[in-house]
Novice: 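My questions all concern the structure below.
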Amino acid sequence: MLRLKRKRRKAAVPAMRGVARLREYVLLLAGAFILASSFNLFLSPNQIASGGVAGISIIVEELTGFKPAFIQWILNGLLFAAGLTVLGGDFAIKTAVGTMIFPFFVWLTEGWPAPTDNVMLAALYGGIGTGVGLGFVFRARGSTGGLALAAQLIHRWTGWSLGMAVALLDGLVIVGAGIVFTPEIALFALISLYIASKTIDILQSGFTFSKVAYVISKESEAISQAVLHDLDRGLTKLNGTGGYTGDSRTILMIVVSQAEVSRLKTIVKAIDPEAFVMISDTKEVLGEGFKVNG
């Protein structure tokens, strides 16, 4: 019986991995399609080149007349070939899919009519769409290629951080947009890039913010019991030393939801009105009582 259960568990593991892999590719394709739709509905018609290979394709189209999808295929293919040595096997496969499928979706949605010619609205909605699309791609642990690959190459060859490399490359694209189009267009591109980054953060971390509280009190044991039994939350006891007195003391670290902050403060105040309490935001908490990773 025990061997049978083990065999079933072993058989279930590949199936679960297969489902997870399928989910990742669905997210990757959905993200690439949203990215392409946002590009053709908002960014390209209003010449908003907010970084990346997509932004370069808008500038090159203006200068040469070549269609953005073909420019993206060429640039993504060259960058993927150059960056293949720095990618792992599974990530390389997903990057190859994203590198090819994103320009295909751009070509597929090319004839869609732009819903607005207001550049500010286009920058806002284009940024949101870009952020949602990239958020899906990142949750799939994939990539649509482009300047992210170039940033990895710069990081490997120069030792610069990935963040600095991405900022430099996107900055150069936006400066190029300011030269080819107008400085005003470049400013709208910056707005779109900022909106996209914030949208990605929301998708990665969620809308809800938990709170982490640090409580320093002479009644730390009583507060611990109240938090455990009345608030029904776990906590961690940290060892600390007073900077002025040099006395050893216990610091309670408690993670609560936003709705539980008032109850926590009431509990602490009722037990020790002189307790020192510091509460700050924490964007993502994984574990029992909070969201599950994935």
Novice: Is W107 reaching over with its side chain to a backbone N or O of F70, donor-acceptor style, under 3.5 angstrom?
Specialist: no
Novice: Nearest heavy-atom pair of A275 and V268: which atoms, and what distance?
Specialist: CB-CG1, 3.6 Å
Novice: With the 4.5 Å side-chain cut-off for hydrophobic clustering, are V261 and I254 part of the same group?
Specialist: yes
Novice: Do you reckon L190 sits in the same ILVMFWY cluster as L172, going by side-chain contacts under 4.5 Å, direct or chained?
Specialist: no
Novice: Between Y125 and F42, what is the ring plane arrangement, given parallel below 30°, perpendicular above 60°, and tilted in between?
Specialist: parallel
Novice: Between N118 (side chain only) and M120 (backbone N and O only), is there a donor and an acceptor less than 3.5 Å apart?
Specialist: yes
Novice: Side-chain heavy atoms nearer than 4.5 Å, only ILVMFWY residues, links allowed to pass through others: does that put V106 and V53 together?
Specialist: yes
Novice: Between D170 and G52 (side chain of the first, backbone of the second, donor and acceptor by atom type, cut-off under 3.5 Å), is there such a pair?
Specialist: yes
Novice: Give the C-alpha distance, both sets of side-chain angles, the deciding distance and a yes or no for side chain to side chain contact (heavy atoms under 4.5 Å, CB included) between V256 and R263.
Specialist: CA-CA 10 Å; V256 295; R263 288 179 60 197; over 6 Å; no
Novice: Sort out for me which residue in Q72, K67, E62 forms a side chain to side chain donor-acceptor pair (under 3.5 Å) with S57.
Specialist: Q72
Novice: Is F102 reachable from L193 through a run of hydrophobic residues whose side-chain heavy atoms are each under 4.5 Å from the next?
Specialist: no
Novice: State, with a plain yes or no, whether a side-chain heavy atom of L29 is found less than 4.5 Å away from one of F136.
Specialist: no
Novice: Could you go step by step and tell me if S217 and D272 meet the side-chain hydrogen bond (donor to acceptor under 3.5 Å, both in side chains) rule?
Specialist: CA-CA 7 Å; S217 169; D272 182 7; 2.5 Å; yes
Novice: Looking at E221 and K237, is there a salt bridge between them, counting it only when a charged N and a carboxylate O are closer than 4.0 Å?
Specialist: yes
Novice: If I take atom NZ from residue K211 and atom CG from residue L264, how far apart are they, to the nearest 0.5 angstrom?
Specialist: 12.0 Å
Novice: Can you tell if the side chain of V119 reaches within under 4.5 Å of the side chain of I185, non-hydrogen atoms only?
Specialist: yes
Novice: According to side-chain hydrogen bond (donor to acceptor under 3.5 Å, both in side chains), who are the partners of T182, at least two apart in sequence or on a separate chain?
Specialist: none
Novice: So, taking the atom named CG in N46 and the one named CD1 in I58, what distance separates them when rounded to the nearest 0.5 Å?
Specialist: 9.5 Å
